[in-house]
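Below you'll find the structure, written out as C-alpha cells, and then a few comments.
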Amino acid sequence: MKDNYNRDITYMRVSVTELCNLRCRYCMPEEGIAKKSHEDMMTAEETLMAVKAAAALGIRKIRITGGEPLVKRGIVKLCAAIAEIPGIEELCMTTNGTLLPRFAKDLKAAGVSRLNISLDTLDPEKYRHITRLGELEDAMAGLRAAEKAGFENLKINNVLMGGFNDDEIGAFTDLTKDQPIEVRFIELMPIGGGIGFDKAEFVSCDTVLERVPELKSLNREDGVARLYAFPGAAGRVGLIRPVSCDFCQGCNKIRLTADGKLKPCLHSDQEISLKGLSQPQMEEVLQRAIMDKPRKREELNAESPSRAGRDMNQIGG
Ligand code: SAM
Ligand code: SF4
C-alpha cells in the first residue's frame, strides 16, 4: 500500500532474534545482550500472522534478519511457512554465513530465494578483530555451502570502515570479475556499536570509485544499492550510502523487531507493538504505521547519531 508520501511499501524486514554468535564491533556490545524473557518475544505463530497481515496490505518481499537468524531455533520451519504465504513473492535472508554449512541446503528447500552474507574482510586476523568471536574460515565455508546449495546471485555485505578495510576494496571488487556475485559496500552508520566510532572511520562509498576507477556505472539500482561493474564481469558491485545520501524518498520498507515492534523508519524511535494482537488487529496497526512512516530521516553523521533507540542486532539492519 502507499504511504502518505506516495511511496509504495512492499518490503518488510523481519528480525527473528536479537541474539548472535558474533559480536561485530559496529553492531553489538562485547558482552552480548541480556536474553529477554520468552513472553516478550514474538512467537513463530505471531510472526506468521504479522507477515500475513503485511501481505494483505501489499508487502511482497520479506527479509529474515536478526541478530543472527540462523541461531533462532526452528528457523527453517519458519522460513518454509513464510514462503507459502500468498502474496509473498520473495523471501531473502541476511546472515553472517558462519552457520550456513549446516543450514544452506534446508533453507533452499524451504523456499528462501536469496542470501546476503556479511563479510567485511578477507583477512583472518581482521575478521577475528571486527567480529570479536568469529573465524573467517567459517564465513567462507558458509559462502561455499550457499553456492553448493544452489543459491544464485549471492550478495556479500561489506561495511566500509576507513583505516580498517578500505585497503581491501580492490580485493572485494575483484571477486566480482569471475563470479556472479554482488559485493555491496555499505557505509558505516552511527547506530548501535557504530556510535562512537572515530570520525575517520566513516568513509563514503565514493572511496570505492576513487580506488577502483575501472568500475562502470550500470545506471540502475538494486533496492538501495547503486550498481557498478567491471566491463565484461560476471558479477557486480553495489554501493549503499545510508550516510552520504539519503534514500528516504524511495524507501519502500518497514521493519519488525524480534520483540514485535514495528519500525516504520530505521533511524526513528517510533515503534508500534504487534505483540499479543490478533491478525486483523495487526493489519490495522500495520496500516496506520505505514501511513505514519516519516517522510525523511533526521541528519545522520558521526556527530549526529541515529535516533533509532536500539542496537542494530535488535533491528536487523
Ligand atoms: N547477523 C546478520 C548479519 O550480520 O548479516 C544479520 C543482522 S545484521 C544486524 C544486518 C546487517 O547490518 C549486516 O550486514 C551488518 O553488517 C549491518 N550492520 C550492523 N551494524 C551496522 C552499522 N553500524 N552500520 C552499517 N551496517 C551495519
Ligand atoms: Fe551479529 Fe550480524 Fe550484528 Fe555481526 S552484524 S554482531 S553478525 S547481528
Side-chain angles (χ1 to χ4, degrees), residues 13-33 62-72 75 92-100 103 107 112 114-121 126-136 138-139 142-143 146 154-162 164-165 172 182-198 201-205 223-225 238-245 247 253 255-258 263 266-267 297 300-302 305-317:
R13 297 179 71 105
V14 178
S15 170
V16 293
T17 179
E18 298 182 351
L19 304 177
C20 187
N21 55 341
L22 303 183
R23 298 280 183 275
C24 301
R25 288 170 187 268
Y26 48 72
C27 180
M28 273 182 92
E30 181 163 20
E31 63 281 10
I33 47 152
I62 297 288
R63 176 173 301 281
I64 304 293
T65 175
E68 173 48 44
L70 296 180
V71 304
K72 170 82 179 165
I75 186 65
C92 309
M93 179 181 282
T94 300
T95 168
N96 63 39
T98 56
L99 299 173
L100 280 174
F103 287 107
L107 291 174
V112 174
R114 296 247 206 115
L115 291 178
N116 286 31
I117 299 176
S118 299
L119 187 66
D120 301 325
T121 172
K126 282 162 79 176
Y127 189 85
R128 243 173 254 137
H129 171 80
I130 198 69
T131 63
R132 292 195 184 107
L133 293 179
E135 291 297 332
L136 177 65
D138 294 339
L143 253 171
L154 285 171
K155 291 180 184 167
I156 292 181
N157 286 358
N158 179 295
V159 177
L160 200 53
M161 287 164 275
F164 176 71
N165 60 359
F172 273 95
E182 183 175 318
V183 170
R184 319 181 107 198
F185 294 96
I186 305 171
E187 290 173 351
L188 171 69
M189 287 183 273
I191 181 172
I195 297 176
F197 266 55
D198 202 79
E201 291 173 276
F202 290 90
V203 288
S204 119
C205 274
V224 289
L239 302 185
I240 304 182
R241 303 166 172 270
V243 179
S244 67
C245 270
F247 23 70
K253 292 180 211 171
R255 294 171 165 85
L256 180 63
T257 67
K263 281 185 87 67
L266 169 60
H267 294 297
R297 66 158 163 77
L300 189 68
N301 54 52
S306 171
R307 279 78 158 168
R310 284 172 177 258
D311 288 348
M312 266 306 231
N313 66 298
Q314 298 176 304
I315 303 173

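This structure is a prediction, so every number in the text was calculated from the model and none was measured. Note that ligands are numbered from 1 as they come in the structure, with each ligand's atoms numbered from 1 the same way. Here, residue 1 is the first one in the sequence, and each next residue gets the next number.
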Hey, what do you get for [atom1] ([X]) to [atom2] ([Y]), rounding to the nearest 0.5 Å?
X: Gln314; Y: Cys20; atom1: CD; atom2: SG; answer: 12.5 Å
X: Met189; Y: Asn301; atom1: CE; atom2: CG; answer: 13.5 Å
X: Met161; Y: Ile186; atom1: CE; atom2: CD1; answer: 10.0 Å

Per-atom contacts of ligand 1 with [X], taking only distances under 4.0 Å to non-hydrogen atoms:
X: Asn96; result: 2 (C), 3 (C), 5 (O)
X: Gly66; result: 7 (C), 9 (C)
X: Ile191; result: 23 (N)
X: Glu187; result: 25 (C)

[atom] - nearest protein heavy atom and its distance:
atom: atom 1 (Fe) of ligand 2; result: Cys20 SG, 2.3 Å
atom: atom 24 (N) of ligand 1; result: Met189 N, 2.9 Å
atom: atom 15 (C) of ligand 1; result: Tyr26 CE1, 4.1 Å
atom: atom 26 (N) of ligand 1; result: Val159 CG2, 3.7 Å
atom: atom 3 (C) of ligand 1; result: Ser118 OG, 3.3 Å
atom: atom 4 (Fe) of ligand 2; result: Cys24 SG, 2.4 Å
atom: atom 12 (O) of ligand 1; result: Gly317 CA, 3.9 Å
atom: atom 3 (Fe) of ligand 2; result: Cys27 SG, 2.4 Å

Item to check | Min heavy-atom dist Gly67 to ligand 2 below 4.0 Å | outcome: yes
Item to check | Contact with ligand 2 for Met312, non-hydrogen, under 4.0 angstrom | outcome: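 It does not, in that no heavy atom of Met312 comes within the 4.0 Å cut-off of ligand 2.
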Checklist entry - Side chains of Asp138 and Asn96: do they bring a donor and an acceptor to under 3.5 Å? => result no
Checklist entry - Do Glu68 and Thr95 have a side chain donor and acceptor closer than 3.5 Å? => result yes
Taking 4.0 Å as the limit for heavy-atom contacts, which would you say applies to [X] with ligand 1: side chain only, backbone only, both, or neither?
X: Thr65; answer: side chain
X: Asn157; answer: side chain
X: Thr95; answer: backbone

Side-chain donor/acceptor of [X] to backbone N/O of [Y], under 3.5 Å:
X: Glu187; Y: Ser244; answer: yes
X: Asp120; Y: Val159; answer: yes
X: Arg307; Y: Pro305; answer: yes
X: Arg184; Y: Asn116; answer: no
X: Arg114; Y: Arg63; answer: no
X: Arg132; Y: Arg23; answer: yes

Checklist entry - Heavy atom of Gly316 under 4.0 Å from ligand 1? => result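 It does, in that a heavy atom of Gly316 comes within the 4.0 Å cut-off of ligand 1.
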Checklist entry - With a 4.0 Å cut-off on heavy atoms, does Gly67 reach ligand 1? => result yes
Checklist entry - With a 4.5 Å limit on heavy-atom distance, are the side chains of Leu266 and Ser306 in contact? => result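 No, every pair of side-chain atoms sits at 4.5 Å or beyond.
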